[in-house]
Amino acid sequence: MTLKSAARDPVADTIQRDLIAKKGFDMVSHVRSGQYLKISLQAEDKDSAEQIIVRMCNILRIYNPITQNLNILKVTEIDQ
Amino acid sequence: MTLKSAARDPVADTIQRDLIAKKGFDMVSHVRSGQYLKISLQAEDKDSAEQIIVRMCNILRIYNPITQNLNILKVTEIDQ
Amino acid sequence: MRKVKVGNNEIDVDLTDKEVTYIKDTLERDPTITEIGMFDVMWSEHCSYKSSRPKLRLFEDAEKNYNYVLAGPGQDAGVIDIGDGYCLAFRIESHNHPSAIEPYHGAATGIGGIIRDILCMGVRPIALLDPLRFGSLKNNPHSQWLLKYVVKGIADYGNCTGIPTIGGEVEFDKSFQNNCLVNVACIGLGKIEDFKHAPSRAYNPGDYVILMGGSTGKDGIHGVTFASRTLTEESEEDRPAVQIGDPFTKKLIIEATLEAIKTGYVRGLKDLGGGGLSCALSELTGDGGTGAIIDINKVFTREPGMNSFEIMLSESQERMAFIVKPEGLETVLNVFRKYEMAHAVIGRTDDSKVLKVYNEDDFVVKLPAKALSESPIAERKEKQPKFLDTLLSQKTPNPTKSLKEIVYELIASENICSKEWIYRQYDHEVGIRSIIKCGDGDSGVLRIIGTDKFISASVGANSKHCYLDPYNGAKGNLVEVCGNILASGATPLAMVNCCNFGNPEIPESYWYFSNAVKGMADFCKKLRIPIVGGNVSFYNEDEVTKTAIKATPIIMIVGLIEGENNIITLPFKQPGNDILLVGETLAELGGSEYHSVIYNLEGGKPPRVDEDNIKSRWDFIQELYKRNLIKANHDINKGGFLISIAEMCFKNKLGANLELDNIYDKKVRIDEFLFSESVGRFIIEVESITTKEILDLAKKIKVDIYKIGSIISDPKINVSGLDDKNFSIDVFELEKLYKNSIPNIMDI
Amino acid sequence: MSIKIAIIQFPGSNCDLDALHVLNDVMTIETTLVWHNEFKGSQFDGAILPGGFSFGDYLRSGIIAAHSPAIDEARQMLKDDKPIIGICNGFQILTEAQLLPGALLQNESLKFICKWVKLRVENNQTAFTNMMELGSILNIPIAHGEGRYFTDKLKELQDNNQIVFKYVDNNGEMGEYSNPNGSLANIAGVCDLEQKCVGLMPHPERASESILSPEKTIHGKLFFESMKNFIEKRV
Ligand SMILES: Nc1ncnc2c1ncn2[C@@H]1O[C@H](COP(=O)(O)OP(=O)(O)O)[C@@H](O)[C@H]1O
Ligand SMILES: [Mg+2]
């Protein structure tokens with residue numbers, strides 16, 4: 001979950017400001033911060049796992065659609 | 001950045017126990033929480049980009065290696 | 001650390017060979033691996049006080065000698081009777097080692113631990129205080145990192161549990177560069193019956209033993225032995241010892257525990273801190289004269305496959321052990337169910353005086369309950385350090401800067417400037433008791449709702465003074481912290497302390513400890529202040545440079561104010577009123593901020609304490625309060641009396657005309673006079689028509705007092721009477737320097 | 001008929017007892033604490049969601065509590081014309097439950113802030129502000145880490161008069177210095193379209209007794225007097 005740009009992102013701004021102050025990191029052009037969740041669940045397959053997660057995030061408002069974007073970074077299978 | 005696996009993760013435990021499980025998503029077996037940063041920078045190639053990021057995270061103490069793990073999830077190239 | 005062989009296992013312990021033999025002899029068999037682990041923890045410096053006990057015996061027996069002391073040293077917290085059926089519990093503890101490695105979680109779990117200690121006494125935790133020490137802050141990213149995350153850890157934990165942080169203090173000094181000090185204190189308030197109903201003892205056979213709260217995990221095994229060692233390279237590997245706090249669960253534990261006590265069925269209560277379950281169970285039964293039989297499989301664990309050793313010694317946070325009357329079991333469990341707190345009945349007490357822990361049919365532990373508490377004593381040598389003579393004979397150089405410049409530099413210095421950057425991050429008002437809030441006075445003042453009584457609390461120490469003279473330094477700390485209590489209108493009631501020192505095995509470090517304890521003991525006996533608790537943190541020593549921290553015996557005092565009208569505040573109130581200085585100013589610049597900020601000098605002659613003088617000053621101040629003559633009061637501390645006067649001008653944007661000719665006697669240098677840190681002085685504001693009455697009274701009871709000037713509406717401090725050295729300083733300019741110093745250093 | 005107010009306790013609420021003291025002892029309004037999953041709105045004339053850290057503020061402040069059955073009860077109460085106020089964490093819960101518009105984000109400074117501020121009353125028609133003067137200035141403390149108000153519908157809020165309080169300076173002016181946490185348009189509190197539900201970050205219960213207040217004001221009482229007035233008029 002990352003903050004939408006209209007909502008501003010002071011965490012990222014601070015990191016960037018500190019980086020500039022430290023010198024030598026001027027190659028960094030942009031930072032965005034967010035929350036990260038790693039969720040293990042049982043599902044038929046990757047697709048259905050992803051569907052469940054998206055549904056869950058929407059129903060439970062795991063992310064706040066007013067201020068945040070939801071991104072599913074990776075779905076991997078683990079054997080049991 | 002996520003908490004090391006030996007460490008407790010009260011945030012994730014609470015999300016799972018008081019939100020996810022109570023609302024019927026009992027296929028979810030495990031949750032881990034963490035912070036996420038998306039960083040855009042200019043670098044020679046993917047490898048050197050990754051190196052800069054790791055160096056930056058260490059210098060700014062963006063994560064604390066004692067309790068957290070740093071994971072670089074993805075490095076992609078963007079044209080400019 | 002060394003290895004000991006137990007059966008087929010080998011285990012790393014800090015126990016000495018002598019201790020291991022002694023254990024075998026008393027048990028008349030080989031101990032199990034879990035038992036060895038328990039002895040290792042319980043006999044560590046942190047739990048057993050093996051080096052410090054011989055010295056701490058110098059303290060007067062508080063429970064015996066003071067009728068209002070309900071619980072003294074040896075309990076989880078000191079408890080005093082404050083009248084109207086109420087009692088106060090308070091305690092201070094160190095969390096230095098974990099915070100040095102992981103400032104955020106280290107400090108947070110420090111708060112978690114001290115809250116549990118207070119809760120154990122059956123009362124509600126209502127306030128926190130946080131004395132802190134770091135290396136110097138300027139141009140020092142490491143110190144800044146530590147400060148930032150220690151404060152955030154305290155804030156996140158305290159704020160979330162709904163306990164206001166009402167005060168604290170900070171010192172920055174290079175001796176804390178690699179060993180920061182994070183001490184935390186907590187105050188609890190409750191009815192005396194609640195305290196009496198839930199002692200941390202298991203007195204009755206047949207009661208249920210219940211574990212409640214967080215689950216038991218592999219984290220933090222050996223945290224205690226870790227705190228009883230110096231921070232070395234090895235500490236890197238000790239890192240799993242750093243705990244993650246969970247203030248949300250703690251908040252529920254507080255509410256569930258207090259509600260369970262109210263049922264009347266809880267007969268004993270103990271928090272799980274250092275040494276985990278093994279420590280809690282052996283103390284409950286050992287101190288209560290009972291035994292218990294425990295089924296280790298009932299303990300709920302975070303991960304499968306934990307062995308008995310790990311379960312018994314885990315220091316996972318947020319757990320409490322309850323001793324519950326048989327007939328009340330369901331009622332108490334229902335309280336835990338309401339708060340959805342995990343819990344398990346893990347055993348029952350009996351009259352065997354033996355603690356037995358079983359895993360199926362095998363016994364894991366079978367120890368006489370008292371065995372663990374009878375730890376050996378370590379005799380330590382003491383020796384005055386050689387470097388002291390050189391330091392004490394250092395002279396103040398001739399000033400090259402103007403007095404005005406010096407005042408500006410002092411007020412902006414790290415140790416004197418405003419600590420608002422810190423306390424703004426603490427919720428200091430939750431609980432709606434805070435009357436004098438952080439930064440508004442010398443001590444935090446809380447009301448007791450439903451009465452016209454007020455609690456005043458303050459913490460502190462002056463490490464630079466203690467470094468030069470631990471005996472007088474420790475006394476001076478008491479004078480200063482009691483002075484903070486007195487300045488707000490309160491009477492000091494009782495003291496707890498937290499001794500932060502170096503490695504006790506090094507004679508020079510032990511000398512500091514020994515003398516500081518002696519200073520505290522002597523002072524408290526003389527001024528009738530009961531010492532109701534304490535904590536010792538040794539091994540604050542840098543292994544690489546072989547230097548210890550500056551000796552830091554932190555003092556915490558609580559006091560009481562009867563009646564809202566008797567609360568005194570710090571700011572100057574009224575132009576035209578007189579400014580008086582109470583107490584003698586001597587040429588005592590050793591360990592002063594003036595020396596350190598202006599000359600980078602550590603030595604010189606530090607302040608000494610004369611108890612009789614201090615006593616008559618305190619009586620005098622109390623008498624003026626009784627006659628309602630004091631309009632504002634502030635004790636004098638680092639930087640000398642000009643700094644105190646400046647701080648009193650800020651709030652109401654006032655100034656002062658200071659005419660120093662009748663006090664400055666020219667036998668000492670001007671800088672020695674202005675920046676001296678002689679202890680036990682106060683600046684008071686009085687109405688000018690009452691000045692004569694006050695001076696006469698002072699003469700009668702032989703208290704040093706001087707009229708040094710009057711308050712003016714123009715925000716300037718005009719200093720005259722110093723030969724040709726008269727000067728004038730701007731209050732707004734001073735305030736700007738005072739306020740902006742830390743924010744300017746911190747925000748890169 | 002005497003009125004009855006509930007203070008809803010969530011796991012982690014910590015200003016519940018403070019609010020209880022003010023309502024019962026200072027205001028003498030009959031008030032009870034109710035554990036969140038036992039709360040029945042039909043038994044009360046109004047409800048307070050107190051400050052604190054419900055469920056530790058884990059994931060996002062207010063989000064887990066927003067799923068409590070107490071919120072369905074609260075929704076029904078509003079339909080029944082009963083007033084509800086969310087203070088600090090209560091405000092966060094009400095926005096996450098979408099009973100109030102917008103969201104509360106981490107303070108611009110990234111730090112928790114505890115201090116007294118000044119509020120300007122922007123709407124005195126609500127159930128909790130009807131005894132205040134429009135444009136008047138209140139002394140009141142804040143204590144929060146996530147109080148930066150944000151909405152993507154500022155225009156709508158303005159048009160519907162849903163902005164109830166703004167942070168201002170001593171002179172009643174808005175400026176960067178009077179905005180403690182970076183809130184959009186200095187917004188400190190908002191209400192629903194019917195003006196019966198109000199949420200704000202500052203703590204009226206900490207500003208209802210002169211002994212607690214640096215300037216000896218008791219502006220916090222106005223909130224609860226307004227609530228009483230609203231309920232009594234409606235009856
Ligand atoms: N670490 C801290 N936490 C909370 N409050 C603090 C802290 N450090 C200083 N303060 C507050 O700042 C004020 C001034 O502190 P200090 O300069 O140590 O007082 P003194 O006047 O006794 O020298 C006090 O109100 C104190 O409680
Ligand atoms: Mg003081």
Side-chain angles (χ1 to χ4, degrees), chain C residues 124 126 148 151-152 154-165 245-252 254-256 258-259 338-341 420-440 445-447 449-450 452 454 564 567 569 571 651 743 746-747, chain D residues 9-22 24-26 33 35-38 50-59 61 64-65 87-89 107 109-116 140-146 180 202-215 220:
Chain C
R124 177 179 285 279
I126 58 159
K148 178 170 169 188
V151 169
K152 191 168 167 48
I154 293 170
D156 283 358
Y157 205 104
N159 297 350
C160 184
T161 47
I163 305 172
T165 303
D246 179 2
F248 169 53
T249 300
K250 175 57 56 61
K251 169 69 177 159
L252 297 179
I254 294 171
E255 299 307 327
L258 293 173
E259 204 167 311
K338 167 180 164 187
Y339 289 96
E340 299 180 42
M341 277 289 92
E420 178 167 4
W421 188 92
I422 298 174
Y423 59 70
R424 276 287 158 252
Q425 300 185 52
Y426 300 148
D427 189 341
H428 42 254
E429 305 203 72
V430 59
I432 51 171
R433 294 186 185 87
S434 310
I435 307 302
I436 297 189
K437 308 168 208 272
C438 283
D440 288 347
V445 174
L446 300 168
R447 65 172 169 172
I449 295 174
D452 198 20
F454 298 82
E564 185 183 347
I567 301 174
T569 55
K651 172 107 189 283
M746 292 298 293
D747 288 345
Chain D
Q9 294 178 294
F10 297 93
S13 295
N14 65 28
C15 303
D16 44 349
L17 296 175
D18 302 0
L20 184 72
H21 166 72
V22 168
N24 270 342
D25 304 338
V26 180
L33 295 173
W35 192 244
H36 73 117
N37 51 24
E38 291 161 7
F53 289 72
S54 55
F55 296 94
D57 273 4
Y58 297 156
L59 185 58
S61 47
I64 301 183
I87 300 170
C88 197
N89 190 235
N107 295 346
S109 66
L110 304 180
K111 294 192 192 78
F112 190 96
I113 302 172
C114 176
K115 71 174 194 191
W116 282 70
I140 201 164
I142 54 167
H144 58 246
E146 297 181 12
H203 286 269
E205 81 282 11
R206 297 183 185 184
S208 299
E209 295 164 274
S210 63
I211 189 172
L212 296 173
S213 159
E215 294 182 39

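Computed from a predicted structure; not experimentally measured.
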| note | Applying a strict 4.5 Å limit to non-hydrogen atoms, the region of D/His21 in contact with chain C is side chain

| field | Residue part contacting chain D, namely of C/Ile449, when any heavy atom lies under 4.5 Å | value | side chain

| request: Name the region of C/Lys250, side chain, backbone, both or neither, that has any atom closer than 4.5 Å to a heavy atom of chain D. | output: neither

| query | In Å, rounded to the nearest 0.5 Å, how long is the span from CD of C/Glu340 to CG of D/Asn37? | reply | 6.5 Å

| task | Return the option, out of D/Arg206, D/Glu38, D/His203, D/Lys115, with the maximum number of heavy-atom pairs under 4.5 Å with chain C. | result | D/Arg206

| task | I would like to know whether D/Ser61 and D/Glu146 meet side chain to side chain donor-acceptor pair (under 3.5 Å); could you show each step before the answer? | result | CA-CA 7 Å; D/Ser61 47; D/Glu146 297 181 12; 2.7 Å; yes

| Once the angle between the rings of D/Phe55 and C/Phe248 is folded into 0 to 90°, is it parallel (under 30°), tilted (30 to 60°) or perpendicular (over 60°)? | tilted

| If we ignore angles and hydrogens, is there a donor and acceptor under 3.5 Å between the side chains of C/Asp246 and D/Tyr58? | yes

| Charged N to carboxylate O below 4.0 Å: is that the case for C/Glu564 and C/Arg447? | no

| Side-chain donor-acceptor pair under 3.5 Å between C/Asn159 and D/Asn14, yes or no? | no

| query | Checking heavy atoms, do the side chain of C/Tyr157, its backbone, both or neither come under 4.5 Å from chain D? | reply | neither

| field | Contacting moiety of D/Leu17, where chain C heavy atoms sit under 4.5 Å | value | side chain

| Structural part of D/Ser13 lying under 4.5 Å from a heavy atom of chain C | backbone

| query | Given that the side chain runs from C-beta out, which part of D/Glu209 has a heavy atom under 4.5 Å from chain C: side chain, backbone, both or neither? | reply | side chain

